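Side chains are part of it too, since the values below use all heavy atoms of this structure and drop only hydrogens, waters and symmetry mates. Since the structure is predicted, the reported quantities are computational estimates derived from the model, not experimental observations.
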Amino acid sequence: MLVLIFRFLSGCKDASARMKIISDLLELLDSNTLNIEALMEYGWNAWLTASVTLDIVKPYRPDSRYCGDYEANEKNLVMKVFSVVLCHYIQFVKSGWQRLEETVNFLLVHCEQGGISCQDFLYDIYDNLIQRLVDLSSEENIFSSQPCRDNTLYFLRLVDEMLISEAGIKLLFPAISSDSFLDSLMVEGQKDYTTLLHEVLRGEFDDKVSGNALASEESITSEDDITNDKWWNLFDNLWIVISEMNGKGPSKMLPRITVSVGPSFGQRARDLVESLNIPATEMAAVVISGGFGNALSGKQNKVADKAMALRGERCPRIVFRLLIIYLCRASLERASRCVQQFISLLPSFLGTDDEQSKSRLQLFIWSLLLVRSRYGKLDDGARFHVIAHVIRETVNSGKSMLATSMIGRDDLFNTSSLSRETGSLHNLIQKDRVLSAVTDESKYVKMLESDRSRHLQELRAKMDENSSSEINTQKTFEDEIQSSLHSILASDESRRAAFLLAHEEEQQNVAEKWMHMFRTLIDERGPWSANPFPNGAVIHWKLDKTEDTWRRRPKLRQNYHFDEKLCHPPSTSPCNEATLPSSESKPSFVGHIPEQMKKFLLKGVHRITDDGSSEPAESGAEPDDPSDIHNAEIIKSSSDQIDIVPDRKELSSPSQETETSEVLMSVPCVLVAPKRKLAGRLAVMKDVLHFFGEFLVEGTVGSSVFKSLNESSLSESAKADHKPKSFNWSIHLGMFSDKGTSPDNMEAEDLHKKELRTVKRHRRWNIGKIKAVHWTRYLLGYNAVEIFFSDSIAPIFINFASQKNAKEIGTLIVSTRNELLFPRGSSRDKSGIISFVDRRVAVEMAETARERWKRRDITNFDYLMILNTLSGRSYNDLSQYPVFPWVLADYSSEVLDFNKSATFRDLSKPVGALDSKRFEVFEDRYQNFCDPDIPNFYYGSHYSSMGIVLYYLLRMEPFSYLHRNFQGGKFDHADRLFQCIEGTYKNCLSNTSDVKELIPEFFYMPEFLINSNSYHLGVKQDGELISDVSLPPWAKGSPELFVSKNREALESEYVSSNLHHWIDLIFGYKQRGKPAVEAANIFYYLTYEGAVDLDTMDDDLQRSAIEDQIANFGQTPIQIFCKRHPRRGPPIPIAHPLSFAPASISLTSILSCMSNPPSAVLYVGLLDSNIVIVNQGLTLSVKMWLTTQLQFGGNFTFSGSQDPFFGVGSDILSPRKIGSPLAENVELGAQCFATMQTPSENFLISCGNWENSFQVISLSDGRMVQSIRQHKDVVSCVAVTADGSILATGSYDTTVMVREVLRVRSPEKRVPRKDCIIAETPFHILCGHDDIITCLYVSVELDIVISGSKDGTCVFHTLRDGRYVRSLNHPSGSALSKLAASQHGRIVLYADGDLSLNLYSINGKHLASSESNGRLNCVELSGCGEFLVCAGDQGQVVVRSMNALEVVKRYNGVGKVITSLTVTPEECFLAGTKDGNLLVYSIENPQRKAIVLRNPRTRVTIPS
């Protein structure tokens, strides 16, 4: 802090501010001595540096008469700081002289560097310091104690040094240079020393030494003419200090003499000198050591403490110099007063009798004689007497020393010849002693100069070193400041960028919601619909990427920006419609919306989508007409943005999540999707994954893309130092980086920017929804991960720059997900923890799936999808799309016969080897192919590639668009398009360039075979127009039947028994090596992993060419199995009786009435091993469901030979009343109840109450846990998803509310009453119905909410985002009574009005109808979803197929009306009757009866 203050002081131009700072500093110093020590320790050097830069010091003017008031006051304050601090160190601090000397050295160096008058500046410091010491000594003698005495001695030495070097005072003895004195002794060298001395003593030397003696005598008339008063004040104070140090303070001194008594005093002094006579006895006296000799000695004590070395000096050297100055320059009065002081101190000074002291005494006497000879005539000769008095007193005090020095000496002057002139005094002066003393004095002066020069040199060196160190430190500090500034700026820029990212993301989500609201208003069920349902409007569809549990994508969604031009031949496309999407170009589009409302809506979309972007609008002004092209493009671009809809929680507050979520890791990557590849960065946060796209990627995602991303990051970092004027998301297009900035390239870049505006750049995924993370390949390199989600969210495929990044990010995502869902220390069940699926884990998972497949726990389709997923096949990457086998070989028969092996394809051979004649060509190629760089191969093309996928799916968007892109912007030639199943298969058998297999859609999605969008696909050479795919005769022209038969063939016994051969070829040990050669399963080498190392390629062109080859011409899946795949185990009919042996099921037990009085069973449900029963009157009971354990391999255990397999056990919860009173006219049924399972407890949901609420009832004790009232009218039906996570309620108010079931974290504890099991607020309120909601279905797997109403309308909405999909009308318009939907996407509607069942696909196509022959009270589905189980007033249980509603089996009852029904996982039926009984339909004991399978080829008998 002091350093900063003094630095400010040195640069401050305000004198008053400087004075205020120094005054405050003095107050602190005076208040506490600790402040002085702190200043000296931490800030003294800074003070010194600041003081020499002050205006009053540089340039320094010692005379205050030439200074202003401010300047004089500031100067006094500065001097006071020096005096206060240095005086404290002299008085109290041991070795304080060091601080004093350091200060002097520092000032000398800075004064000579800064051009400051050093002597004047030091004089003022010395003057103030001595004055302060004198003031302090006036109260008590401070010099008698240590360390003040030692420090003062050294201070006197510094003053002596100043006097020696002072240019304005030429001291005679010793002079500044001792050589001048020697020269004076050697004047007229022909004379000997004795003669010269006699001349001096006679006064003859005066004129010879100085021709100006008389002039000097005349010039010295007053003190002002000799020396300024400031010097005499200093000298007077010095005498006081010296006197105090020797116990002779001012109070002890003689009275001062006056000029008036000068002559008499001079006469007395003259008489004293002439009458001097030293007795011989006294000359032999010896005095004790100390005193005079040490005072004039030039020797230095070499101990570290210089002040202690001066401790023996009773008389410092400065005493004799001061005396001579007074005698030579002072007024007679001042000189006389000085003589008195000196004489009083002589006994103290002459206390040592050694040779050096004797020599110094003689030099001093000789010097006094010389002074007398030069200045004795001043003041009319009075000064002569004063000097003589000093000489006499000196000789008298030192007579013992003089006497002893003369004993035994041969160099005495010849006194006989000169006795008359000088008397006995001549005998005192000895030549050798005087010369020795002069030499010592010369050495002393030179030593002072040498020491000072050395000290200054050392200080300069140290200062240079410190300066260099300070420069380096300052540079380092500046670098750190700069670095910190850069860091702060970068952090601020990062914060700003993060804010702008969050803002842009929020705007994107707002735009999505806006468009959702807009479409909700104008769709066929909306209040502003131009064509209310039902209507004949043509709607275009595209694939919905939602996946179900088995990774099927069975749904379509509306395509809002379909291009009508594709429906017409290129030459006949209407030019006026060429630029408009179909939905916008139709006259009826939003035709009935008020004009102002249309403007408002479209303007809102425009502002939202364009806000935050600095790109100019495509048109100069906003058009007035809402149907203008620009607005149509806005609608189109906005609708594009909802192609991928994030989780409902992610849409709520992205900016808040951005602010609160910590980014754990952020890496550049490419989001790979079928339609486009988007390069950007993926950030892993604690609860979400966030992707921000920077630019679109064309072609393959090679290394150049990541170079562009890195350049983008560097570019953004470089801009962090400059504040941008306005924010603009820069779009870095790597594909144009090497093409310069030509107009064509700029136009292409602008086009790409325009495309990027239509792409959803921000994507968020909830980490808690992740169910698997797979390490997978892209372009045959393990640089990618594929992330799978629950809740039917489409997987995402992300490619990274390196394998290391892929593994790190995948591992981090998995660990973050596990920590989020299962925090450390949590008591939650850890079974939901997942692992990162690397190759080792993938193989383990494949082996587990293989065992399940062998046991027939999963179907062939399921198993193949699992293997495809684990081998890196993905819907997101068309170059490695899932691959399925051709399973049928018969595409010409009217009826398929699955009992014939010829119906099926040989699964032990690859497609290329199925036809023996064509295989000869491949064999010849393999045997005769010779290339040094390319290994031999059978097939030049692959069984799975991007082209093959687009070939099959060209009739369905987005694959139609991708197909056209792949073919240069148009459909391929009509004769080469996919047009016939039989022709395609035959081509695969005959064409040497065609060995393709099938894709999964052949086994679950008939829509890809239909040209539902009416594309103009061209005309063949024979004139036939291409439209739908031509189907085999046995399909009867029905794509649904074709897919159903194909799937049935896949699950047939023949395929089940031979599928392992095909698995060996595609995923197993026959994929590579010698087994692959033996199986003729060798493809072109670039289709195999590890064939080339792209990372080591330096040639970009070659690398790009190989990447294109890999991407477009097929990739062999990752090899999973290295050993022969086992065959599938035999079927277990008893495990799936409806599929294999429906006749084995019969009525096995009847439970009598469970209520009193008897009442109808309204609801029967099965939850785990509990049967939930609700009777008329809202009586709830829970019973145990008893099952026989099914063991591995189809073996069974029995409790007794006559015991049935299944039965109803004792009560878990005895019958009790539940719920509130019912509303009027409400007919309770199964639709009013649903069971729900949570980790903590099981619950029953009940509705129909008069208070318009539904209730949550605990199945453990029957208490009501929660009651929710949100609907405006009676809640008429409820539905719960299969996993118990979502609850939907329908109401008389025609709305459907969808709520989330809250998970309880402590499964071991029962839920307290105050806890909420279900969210009070729905996350969707679905509208569209015009009448009471009568039935509901909700599915997470299919992402669907289906609701039926009393007016016969069935409405489809998506579950995740509540988007309207489509509506169905009952064929007869009857009120819908029952609704059932399977996980396979088949929906059955039942209406009491016409007693009919109608079967629909999930995409709204009517598939079949059937009469029920009586009212149905219950319609349920089997666990596998393949069978519909119905019961009603007829008292029968009827099982129907979900393919065409044909009856599979009828089961008779007891002649009672069946009011409720459920199907158990074991495919048993529990039916409740109107009279309160419970019927159990289950398989009979196999020990007593053989079971006949539905398939006539096989008969399985369980022996008794």
Side-chain angles (χ1 to χ4, degrees), residues 543 562-573 674 878-879 881 883-884 886 888-893 905 911-912 914-915 917-919 921-922 939-999 1001-1002 1005-1035 1037-1039 1042-1043 1046 1084 1112-1114:
L543 179 68
F562 180 79
D563 190 355
E564 289 282 358
K565 292 185 300 180
L566 301 175
C567 298
H568 306 280
S571 59
T572 62
S573 295
L878 297 183
S879 64
Y881 205 78
V883 56
F884 271 65
W886 288 95
L888 291 172
D890 183 1
Y891 294 99
S892 58
S893 301
R905 165 255 182 110
V911 172
L914 291 178
D915 185 82
K917 186 175 181 180
R918 184 184 61 164
F919 179 68
V921 178
F922 294 139
Y939 317 111
S941 60
H942 205 259
Y943 50 78
S944 177
S945 67
M946 181 188 299
I948 294 171
V949 176
L950 299 180
Y951 171 82
Y952 285 134
L953 299 177
L954 72 97
R955 289 168 175 81
M956 185 167 58
E957 287 289 1
F959 303 101
S960 302
Y961 165 81
L962 296 173
H963 176 93
R964 297 193 305 274
N965 265 10
F966 192 69
Q967 297 294 338
K970 59 183 180 180
F971 289 111
D972 196 6
H973 193 280
D975 289 282
R976 290 197 294 265
L977 296 180
F978 178 43
Q979 52 190 292
C980 176
I981 299 293
E982 181 180 10
T984 300
Y985 181 72
K986 287 182 178 180
N987 196 64
C988 291
L989 298 181
S990 59
N991 193 328
T992 55
S993 61
D994 188 358
V995 292
K996 57 179 172 285
E997 295 277 10
L998 298 183
I999 56 175
E1001 283 78 1
F1002 273 83
M1005 190 170 197
E1007 285 79 8
F1008 84 99
L1009 299 169
I1010 306 171
N1011 186 15
S1012 58
N1013 287 319
S1014 302
Y1015 289 118
H1016 181 77
L1017 301 176
V1019 180
K1020 296 198 302 182
Q1021 291 181 353
D1022 60 5
E1024 182 183 352
L1025 181 67
I1026 299 295
S1027 184
D1028 296 341
V1029 175
S1030 177
L1031 303 175
W1034 47 258
S1038 169
F1042 170 80
V1043 169
N1046 217 30
Y1084 189 69
N1112 294 315
F1113 294 95

With rounding to the nearest 0.5 angstrom, report the [atom1] to [atom2] distance, [X] to [Y].
{"X": "E957", "Y": "L566", "atom1": "CD", "atom2": "CG", "value": "7.5 Å"}
{"X": "W1034", "Y": "S892", "atom1": "CH2", "atom2": "OG", "value": "10.5 Å"}
{"X": "F562", "Y": "C567", "atom1": "CZ", "atom2": "SG", "value": "3.5 Å"}
{"X": "L888", "Y": "E982", "atom1": "CG", "atom2": "CD", "value": "12.5 Å"}
{"X": "L950", "Y": "Q967", "atom1": "CG", "atom2": "CD", "value": "8.5 Å"}
{"X": "F978", "Y": "S1030", "atom1": "CZ", "atom2": "OG", "value": "9.5 Å"}

(request) Please work out whether the ring planes of W886 and Y952 are parallel, tilted or perpendicular, with thresholds of 30° and 60°. (result) perpendicular
(message) Tell me if the aromatic rings of F959 and F966 count as close, with their centers under 6.0 Å from one another.
(response) no
(message) Taking the six-membered ring for Trp, are Y1015 and F971 closer than 6.0 Å centroid to centroid?
(response) yes
(request) Taking the side chain as every heavy atom from C-beta outward, state whether I1026 and R955 have any atom pair closer than 4.5 Å. (result) yes
(message) With heavy-atom distances below 4.5 Å as the criterion, would you say the side chains of F1042 and P1006 are in contact?
(response) no
(request) Please lay out, stage by stage, how L543 and E1007 fare under the test side chain to side chain contact (heavy atoms under 4.5 Å, CB included). (result) CA-CA 9 Å; L543 179 68; E1007 285 79 8; over 6 Å; no
